[in-house]
Undergrad: 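Let me begin by handing over the structure; questions about it come next.
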Number of protein chains: 2
Amino acid sequence: MVSDGRRTPNIRDVAREAGVSYQTVSRVLNDSPAIRPATREQVLRVIDELGYRPNPAARALVTSRSGIIGVLSSQSALYGPTTSIQAIEVAARAAGYRLSVTSISTSDSESIRAGLDFLLGQSIEALVVLAPQVGVFDALSAMSIGVPFVTLEAPGLDPGRSISVDQTRGARLAVRHLVELGHTEIVHLAGPSDWLEAQARLEGYRSELAEAGLRPLAPVVGDWTAEFGYRAGCDLLAARDFTAVFCGNDQMALGFLHACRDAGVDVPRELSVVGFDDTPESAHFAPALTTVRQNFVEIGNRAIALLLAELGGESTLDSDPIAPELIVRASTGPARS
Amino acid sequence: MVSDGRRTPNIRDVAREAGVSYQTVSRVLNDSPAIRPATREQVLRVIDELGYRPNPAARALVTSRSGIIGVLSSQSALYGPTTSIQAIEVAARAAGYRLSVTSISTSDSESIRAGLDFLLGQSIEALVVLAPQVGVFDALSAMSIGVPFVTLEAPGLDPGRSISVDQTRGARLAVRHLVELGHTEIVHLAGPSDWLEAQARLEGYRSELAEAGLRPLAPVVGDWTAEFGYRAGCDLLAARDFTAVFCGNDQMALGFLHACRDAGVDVPRELSVVGFDDTPESAHFAPALTTVRQNFVEIGNRAIALLLAELGGESTLDSDPIAPELIVRASTGPARS
DNA sequence: ATTCATCTTCGAACCGGTTCGACTACTTTA
DNA sequence: TAAAGTAGTCGAACCGGTTCGAAGATGAAT
């Protein structure tokens with residue numbers, strides 16, 4: 001890597017060194033066919049020798065393609081979004097795109113707008129929204145995005161623009177499992193009410209119970225954290241008028257299990273607990289958690305596939321929703337009659 | 001937002017519409033002082049009216065500042081790195097930078113090089129490396145980076161270029177706690193041996209035991225997962241020749257606790273268990289986990305602060321290492337004599 | 001009224017690529 | 001042997017900003 005003159009080499013430096021015109025170098029870079037093999041060899045050698053890297057800004061300027069896909073994510077270290085983003089990154093990179101991720105800490109429209117502005121100001125070519133609060137989508141439809149976009153884990157909203165596991169179905173699987181075990185009084189520890197996933201799971205909980213002819217109990221609205229699950233559990237177990245709990249995610253289930261231990265309630269003998277997500281840890285909870293598995297990697301992959309199709313001008317394929325899967329472990333058992 | 005002609009408006013469109021020259025618009029954008037307030041108002045109004053956004057590629061081209069900070073991360077949804085990256089993103093955004101994150105799935109030099117190439121090809125202005133395997137740093141020093149960079153959670157390597165919690169100290173805190181409880185036979189469930197954090201914790205484990213005049217046992221090398229912790233636990237508990245376990249992270253501790261339940265071993269009565277990281281869930285393990293807290297947000301913030309200082313030409317300040325904190329919970333207790 | 005300083009605006013060059021029409025030299029065909 | 005075709009290369013214009021020296025306007029000083 002030579003650094004004569006203190007300037008990073010540009011395409012003209014390469015051309016001069018290789019004894020060709022700079023357009024020829026450009027041809028080599030974009031592997032145009034009309035280049036004599038010997039010339040290409042020569043140019044490539046000089047490129048390597050000089051440590052030349054094409055300037056992405058210059059390229060973006062003239063092609064008006066930034067190669068950037070924006071990701072708007074809610075600020076959290078939750079397992080699901082994190083896993084999806086990673087899958088997105090891998091898929092995007094494979095397609096020659098890079099990611100620009102920004103996270104919003106609150107879901108008020110001001111901060112959403114700021115996050116979106118930040119991304120749009122980078123001339124992103126497409127957008128993935130991973131912030132599944134209702135407010136986000138209101139803000140989204142208020143601003144004209146101007147690029148293809150897809151929302152993740154926002155079930156029931158804007159079909160065709162949203163990729164998600166069928167949350168309602170997942171919730172129904174969980175509840176049905178409990179019903180089949182003979183439970184009739186099933187509490188739901190829900191996620192934040194402005195999260196679409198939480199809404200869909202609550203909906204699934206209600207409709208499955210209705211179908212079984214059972215009455216839903218008032219949902220306890222939480223914040224996805226184990227800490228909340230614990231405190232809610234302590235409260236609920238004081239007046240124990242239920243035999244099963246369907247938790248909105250695995251973390252809350254963990255907290256709830258903790259509360260059960262504190263209260264001396266035996267799971268699953270006296271109480272059945274179900275989670276949601278199947279985090280890698282849930283198999284090792286005490287007891288191992290029955291939960292609903294979501295394929296977060298698949299979500300990410302499909303998101304990029306859809307965007308790439310749209311960027312390529314293809315019609316957006318409406319694929320089947322991703323099916324969740326019930327994973328039965330030790331935290332659920334038959335209701336005691 | 002007007003869209004006449006099907007082209008996004010550029011600075012000249014704004015100038016024409018506002019009745020000024022395009023250089024004046026540029027002045028307004030970079031809030032140069034030499035602009036009459038009335039002119040500024042007028043220009044800003046037109047900008048808003050046209051929905052004009054400056055083209056970052058054009059700007060980057062002429063200023064030769066991309067505004068991008070690259071992040072090279074190892075592919076995982078681990079709590080620590082995820083949290084740090086988020087802190088980095090927030091801090092970078094506040095400073096007017098954006099992030100380009102890429103993750104490498106394996107730590108062989110080929111894939112490291114590819115990841116690094118991918119980032120350097122985006123003319124990043126600075127680099128954060130969050131892939132604390134030894135191989136990464138070998139590859140790093142082999143390639144000339146050409147931009148300021150900082151490595152995270154890579155203790156003991158390249159001081160001044162690395163931000164991390166003092167892992168060795170954290171491990172010593174954990175082990176000292178066990179020693180003070182009277183434990184003499186302490187097993188270490190280590191992280192992968194090519195991870196610098198794992199090495200540092202192992203080192204801390206050994207030196208603290210040495211100082212206490214105790215002999216270290218052969219470490220069990222794992223992969224950070226709960227699943228591994230479980231399997232290792234099952235093996236270890238078969239021939240139970242120890243009274244305490246120091247786990248390299250909370251997930252492995254969780255798996256180990258699971259194994260203890262399976263084996264009918266009472267924690268902390270018969271066995272003490274310590275984790276590392278203090279994930280938000282660890283307070284709700286069964287039993288609540290004694291662990292070592294790391295401030296991942298602080299790590300991210302410091303990383304950006306250091307890079308910004310360097311980008312601004314300031315000398316790199318060598319700050320004190322971040323101190324870890326022992327969080328004592330229910331999983332540790334006195335050794336039975 | 002003229003000169004000069006100051007404030008504000010303008011013109012032109014440049015950043016580092018891509019692209020398209022034109023040019024050259026060498027084959028092929030009649 | 002002249003005309004036509006073709007592979008390979010080149011020149012110039014352009015993308016959308018920033019920057020710097022120069023110019024126009026305005027008002028104060030002489």
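Throughout, a chain's letter reflects where its sequence line sits, starting with A, and its residues are numbered from 1. Here the structure is a predicted model, which means the values were calculated and not measured.
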Undergrad: Consider the side chain of B:Ala58, meaning its heavy atoms from C-beta on, and name the nucleotide among D:dG17, C:dT8, C:dG17 that approaches it most closely.
TA: D:dG17

Undergrad: Rounded to the Å, how far apart are B:Arg65 CZ and D:dT18 C1'?
TA: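 About 13 Å, once rounded to whole Å.
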
Undergrad: Hey, is the side chain of A:Arg36 poking within less than 4.0 Å of OP1 or OP2 on D:dG8, counting only N and O atoms?
TA: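 No, outside the criterion.
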
Undergrad: Check this one for me: any side-chain N or O of A:Tyr22 less than 4.0 Å away from OP1 or OP2 of C:dT19?
TA: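 Indeed not, no polar side-chain atom of A:Tyr22 lies that close.
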
Undergrad: What is the nucleic acid contact for B:Ser64, judged by heavy atoms within less than 4.0 Å: base, sugar-phosphate only, or nothing?
TA: nothing

Undergrad: Do the side chain of B:Arg12 and the base of D:dG17 come within less than 3.5 angstrom through a donor-acceptor pair of N or O atoms?
TA: yes

Undergrad: Would you mind classifying the nucleic acid contact of B:Thr24 as base, sugar-phosphate or nothing, using non-hydrogen atoms under 4.0 angstrom?
TA: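 The answer is sugar-phosphate, as B:Thr24 gets under 4.0 Å only of primed atoms, P, OP1 or OP2.
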
Undergrad: Can you confirm whether B:Asp31 sits close enough to B:Arg40 that some side-chain heavy atom of one is under 4.5 Å from a side-chain heavy atom of the other?
TA: yes

Undergrad: Does any part of the side chain of B:Asp138, heavy atoms only, come nearer than 4.5 Å to the side chain of B:Ile112, both counted from C-beta?
TA: no

Undergrad: Contact between A:Val28 and A:Leu44 at the side-chain level, heavy atoms closer than 4.5 Å - yes or no?
TA: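 With C-beta onward as the side chain, the pair touches.
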
Undergrad: I want to confirm an ordering. Mapping B:Leu61 and B:Gln23 to their closest nucleotides on DNA chain C, which one lands closer to the 5' end?
TA: B:Gln23

Undergrad: So, does A:Ser21 get its side chain near the phosphate of D:dT9, meaning an N or O under 4.0 Å from OP1 or OP2?
TA: no

Undergrad: What is the distance, to the nearest angstrom, from the CD1 atom on B:Ile35 to the C1' atom on C:dC10?
TA: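 In whole Å, C:dC10 C1' and B:Ile35 CD1 are 11 Å from each other.
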
Undergrad: Looking at D:dG8, does its base get a donor-acceptor pair with the side chain of A:Arg27 below 3.5 Å?
TA: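 Checked by distance alone, the answer is no.
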
Undergrad: Reckon B:Ser26 has a side-chain N or O less than 4.0 Å from the OP1 or OP2 of D:dT19?
TA: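 Looking at the OP1 and OP2 atoms of D:dT19, neither is under 4.0 Å from any side-chain N or O of B:Ser26.
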
Undergrad: Over how many whole Å does the gap from B:Asn55 atom CG to D:dC15 atom P extend?
TA: 12 Å

Undergrad: Would you say the side chain of A:Arg93 lies within less than 4.5 Å of the side chain of B:Thr102, judging by non-hydrogen atoms?
TA: yes

Undergrad: Do B:Gln86 and A:Ser103 have a side chain donor and acceptor closer than 3.5 Å?
TA: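 No, A:Ser103 and B:Gln86 have no side-chain donor paired with an acceptor closer than 3.5 Å.
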
Undergrad: Roughly, in whole Å, what's the span from CZ in A:Arg59 to C1' in D:dC15?
TA: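 Those two atoms, CZ and C1', are 14 Å apart.
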
Undergrad: B:Asn30 side chain N/O closer than 4.0 Å to the phosphate oxygens (OP1, OP2) of D:dT18?
TA: yes

Undergrad: So which one's nearest nucleotide on DNA chain D is more toward 5', A:Thr63 or B:Val25?
TA: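 It is A:Thr63 whose nearest nucleotide is closer to the 5' end.
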
Undergrad: Please report the distance, rounded to the nearest Å, between CD1 in B:Ile11 and P in C:dC15.
TA: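 Rounding to the nearest Å, CD1 of B:Ile11 and P of C:dC15 are 19 Å apart.
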
